4 protein chains.
Amino acid sequence: MSTPTFKRLPRAVREQQMLDAAVKVFSRRGFHAASMDEIADEAGISKPMVYAYLGSKEELFTACLHQEGTRLMEAIVGAVVPDLPFDEQLWRGLRAFFRFVGAHRDGWAVLYRQARGERPFADDLAAMRSRIIEVVAGMLDRGLVAQGREVRAAELEVMAYALVGAAESLADWLADHPDADPDGMATRMMNFGWTGAGSMLAGHQWRPPPAAD
Amino acid sequence: MSTPTFKRLPRAVREQQMLDAAVKVFSRRGFHAASMDEIADEAGISKPMVYAYLGSKEELFTACLHQEGTRLMEAIVGAVVPDLPFDEQLWRGLRAFFRFVGAHRDGWAVLYRQARGERPFADDLAAMRSRIIEVVAGMLDRGLVAQGREVRAAELEVMAYALVGAAESLADWLADHPDADPDGMATRMMNFGWTGAGSMLAGHQWRPPPAAD
Amino acid sequence: MSTPTFKRLPRAVREQQMLDAAVKVFSRRGFHAASMDEIADEAGISKPMVYAYLGSKEELFTACLHQEGTRLMEAIVGAVVPDLPFDEQLWRGLRAFFRFVGAHRDGWAVLYRQARGERPFADDLAAMRSRIIEVVAGMLDRGLVAQGREVRAAELEVMAYALVGAAESLADWLADHPDADPDGMATRMMNFGWTGAGSMLAGHQWRPPPAAD
Amino acid sequence: MSTPTFKRLPRAVREQQMLDAAVKVFSRRGFHAASMDEIADEAGISKPMVYAYLGSKEELFTACLHQEGTRLMEAIVGAVVPDLPFDEQLWRGLRAFFRFVGAHRDGWAVLYRQARGERPFADDLAAMRSRIIEVVAGMLDRGLVAQGREVRAAELEVMAYALVGAAESLADWLADHPDADPDGMATRMMNFGWTGAGSMLAGHQWRPPPAAD
DNA sequence: AATGAATGAGTCTTCATTCAT
DNA sequence: GATGAATGAAGACTCATTCAT
């Protein structure tokens, strides 16, 4: 009577099983092509349970999105030690990012490949991405200030977009190549982004040729 | 006033109408959520014609993919004048790319946001992307050779991936901001990519701090 | 002006082409699975022509049915020479029947395999079959009378049904075995039917065992 | 009054209901003209259940075919008592056959009228028919051996084809005449087939007239 | 006379979602 | 708490049939 028999798993555990199953299925099928049946099967649970615990398919997908997004953010934020020189911060953030993608390929696929095109979730996703962009832009800004230089916020944001896009592109490649080394990817990305950003920060600038039409 | 009876158009015209409508609908709904009914409506034609001319939904999506992919490639390739210094080539290619995205937002959405996650099309898309990556890698290689330096092909490819990813990211931002200036985006991207690539090509290299764990 | 140019084939020829094409297609697909498109293609003619000449799909199928049915009847009737002893008449009729099936496999398939199950045509078919049954029953009757014996009409009809069924069964087998010899089949059938009917006519009769439950 | 809630029946029951409904509908409409909607209605159940339990329309038809085919075979085989004189065996088999057809008119229609013409099922059907043909041929063979005579296997098979065809023809007639007496039909068929086969087995043989052209 | 273009209507099939036990 | 049974709604696809040229 007092202590419940734990034969029937506690709610939290069940929910986690379901979410993991859902991420797996969504990652390989996409939102629409994934069926609640397949997800329930994958979780080894009956369909009504899924509804009871996590609500509609849309809510389920959103839950997956938030779980993976949060994990990713936490991985990155947890890796960035303040008070370090900011190139090292960038490096740590990137390394955490690539490590995460390497270790959570399914989650990455849901975030990057599936959520992007599905109307109802694109906004959620954009919001998460914005947070990352801002973080990166913030890093760059602090880097500039440290050098006594200054750039318009809009420019910073664009640069951050480019950096993040490049990192995502490499991460996506990583997700398809299980044997690739995440840390190596992070190093390459750092090289690319940092020297690029670095030389920009150093005031180097490329200008379009005059006769542009 | 004079003639326009909008019926009994010749096949080629109708096909183009349908493709355009399909791109529009696929771009805003995604492959699964788009219905053939909506596409037919958008094209101002009945569903059976769509099937008669373009085949199944999958074939239709593929047709959209190839049309937009080809247009994009042609826009870029047509803009790159050989015999120019290679930074200027890169610049022209990028400018053409951003202009294309600015002018064909729907097509871009189909290519970049929708096709990526849908299993049956991901391969087609990856093939197109590979062609671009190779072109970019080729440009970089020629740039290196011109400087008398050399980099492993694998490294080149990774760099190309990063560059393309960065450009795509900015392009995607552009697609969501109708007022943004494509040429300006191209300039920013050039700045970012070129100074980055430039400083790498110049031999600058970033190395991870020793105590990496 | 006076004599029409026969470039455009005369109506009768066209109609025959269409009917032949229709028989071919109906025989291999069945009524429902056959499409007017396929029939038009097979006839090398556009669909509206088919409608103009032969009317709806149902009318077309009926036309096929009647054509093949009539051909079959004419083949049989044309082969039966009156005034011959009636076993020889039966033989000639059977031989003509098997020859027809061997030479018009498609027509046979339409008659025997396709029309039977399709509600709107079963009646037409049954009517044709009835005519044959009656002919056969008539033959048997004349045979009996010649022997000074007599059998109830109902019994005769049943016997005719059995004979016709047996012949159809063999014919159907023949239709699937292009190398089989129609005359040989006719002989076998004659053997079977004639000795059977013959011994019945001769007054032999089998009776069920008494303890039937 | 007391209990009958007609809902939430166990799977096996529902499956049988569906099969019965399907046989009914297929028998009167044919495979193509039958709609899954009508079948579901007839079964008093919603369409998705039909798909869930019995699969596609084709699978459903096949299931009907096998059910009825099996029932028929079992009825016949169950009626044939070994160790009886073989004419009595034949008699019992025939009687069971006609009784079955009389009692399962729909099943018979599916087997004999509908399945024959539909390409994907003709093979299944032919296989069942072959089994019966072989059984009959076996009976005939044993009859011959008992008489010390012998006939080529091919001839036996043809004779079996004829016998089965005759029986089918009568059975089909029976299916359309609800008031006819199955046992009477069996007797007539026995008479026909047995005296026919009997006189053949006795060595009587009909030969075509010499001047055949 | 002849046909490419066009469609209304209908069918199979699937899926998210909910009862009843 | 847990699930087998059940369905409304919707979407892909096809086809007989008819215009307009």
Side-chain angles (χ1 to χ4, degrees), chain A residues 4-5 7-11 14 31-40 45-53 55-60, chain B residues 5-15 32-40 43-53 55-60, chain C residues 4-5 7-11 14 31-40 44-53 55-60, chain D residues 5-15 32-40 44-53 55-60:
Chain A
T5 46
K7 262 183 176 172
R8 306 187 184 285
L9 298 174
R11 173 161 189 137
R14 274 274 144 99
F31 175 70
H32 275 101
S35 84
M36 294 299 268
D37 272 291
E38 189 176 355
I39 292 171
I45 263 174
S46 77
K47 239 188 318 176
M49 278 287 95
V50 180
Y51 281 89
Y53 278 49
S56 72
K57 192 184 185 186
E58 227 173 283
E59 290 170 302
L60 177 54
Chain B
T5 323
F6 281 121
K7 309 207 157 195
R8 305 275 152 177
L9 298 181
R11 177 172 182 140
V13 176
R14 275 277 132 97
E15 265 187 22
H32 276 102
S35 86
M36 293 300 267
D37 270 296
E38 187 176 357
I39 292 171
I45 223 165
S46 75
K47 229 190 322 176
M49 287 306 301
V50 181
Y51 281 91
Y53 285 1
S56 71
K57 193 184 185 184
E58 219 172 292
E59 288 169 311
L60 176 55
Chain C
T5 45
K7 259 183 178 175
R8 306 186 183 286
L9 298 175
R11 174 163 187 136
R14 274 275 143 99
F31 175 70
H32 275 102
S35 84
M36 294 299 268
D37 272 291
E38 189 176 356
I39 293 172
I45 261 173
S46 77
K47 237 188 317 177
M49 278 287 94
V50 180
Y51 279 89
Y53 278 48
S56 74
K57 192 184 184 185
E58 227 174 282
E59 290 170 301
L60 177 54
Chain D
T5 323
F6 281 121
K7 309 207 158 196
R8 305 277 151 176
L9 298 182
R11 177 172 183 141
V13 176
R14 275 277 133 96
E15 264 187 22
H32 275 103
S35 86
M36 294 299 267
D37 269 297
E38 188 176 357
I39 292 172
I45 221 166
S46 74
K47 234 187 321 175
M49 287 306 302
V50 182
Y51 281 90
Y53 284 0
S56 73
K57 192 183 186 183
E58 221 172 289
E59 288 170 311
L60 177 55

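Values in this document were obtained by computation on a predicted structure and should not be read as measured data.
- We find that CD1 of I39(B) is positioned 12 Å from P of dG11(F), with the value rounded to whole Å.
- Residues E38(A) and S35(A) have side chains that never bring a donor and an acceptor to within less than 3.5 angstrom of each other.
- R8(D) contributes no side-chain N or O that forms a donor-acceptor pair with the base of dA20(E) under 3.5 Å.
- The line from CE of M36(B) to OG of S46(B) is 11.5 Å long, rounded to the nearest 0.5 Å.
- Atom NZ of K57(B) and atom C1' of dT13(E) are 14 Å apart (whole Å).
- Note that CG of L60(D) and OH of Y53(D) are 14.5 Å apart. Values are rounded to the nearest 0.5 Å.
- The main-chain N or O of Y51(D) is never found under 3.5 Å from a side-chain atom of K57(D) such that the two would form a donor-acceptor pair.
- The nearest whole Å value for the distance from the CE atom in M36(D) to the P atom in dA12(F) is 20 Å.
- Distance CZ (R14(C)) to C1' (dA2(E)): 9 Å, rounded to an integer number of Å.
- In terms of position along DNA chain E, the nucleotide closest to A12(B) lies nearer the 5' end than the nucleotide closest to the other residue of the pair A12(B) and P48(D).
- Out of dA6(E), dC15(E), dT18(E), the shortest distance to the side chain of Y53(B) is found at dA6(E).
- One finds no side-chain N or O of R11(B) lying less than 4.0 angstrom from the OP1 or OP2 phosphate oxygen of dA6(E).
- In a base pair of the Watson-Crick type (N1 to N3 plus N6-O4 or O6-N4) or a G-U wobble (N1-O2 and O6-N3), with each distance short of 3.5 Å, dT21(E) is matched with dA2(F).
- In this structure, dC15(F) and dG8(E) make a Watson-Crick or G-U wobble pair, each of the two defining distances being under 3.5 angstrom.
- When heavy atoms are screened at a 4.0 angstrom cut-off, A34(C) is found touching the sugar-phosphate backbone but no base atom.
- Residue contacts for M49(C): at a heavy-atom cut-off of 4.0 Å it reaches a base atom on one of the strands shown.
- In the set dT17(F), dG10(E), dC12(E), dG10(E) carries the atom at the smallest distance from any side-chain atom of K47(B).
- Ranking dC19(F), dA6(E), dT7(F) by closeness to the S46(D) side chain, first place goes to dT7(F).
- Atoms CZ and CZ, from R14(D) and R8(D) in turn, are 9.5 Å apart once rounded to the nearest 0.5 Å.
- With rounding to whole Å, D37(C) atom CG is found 13 Å from dA6(E) atom C1'.
- Nearest-nucleotide assignment on DNA chain F puts the 5′-proximal partner with S35(B), out of S35(B) and F31(C).
- Between L60(C) atom CG and dA16(F) atom P there is a gap of 11 Å when expressed in whole angstrom units.
- When each of dG4(F), dT13(E), dC12(E) is scored by its nearest atom to the side-chain atoms of S56(D), the top-ranked nucleotide is dT13(E).
- Counting to the nearest Å, the P atom of dG10(E) and the NE2 atom of H32(D) are 18 Å from each other.
- Of all nucleotides listed (dA9(F), dA2(E), dA12(F)), dA12(F) comes nearest to the side chain of Y51(B).
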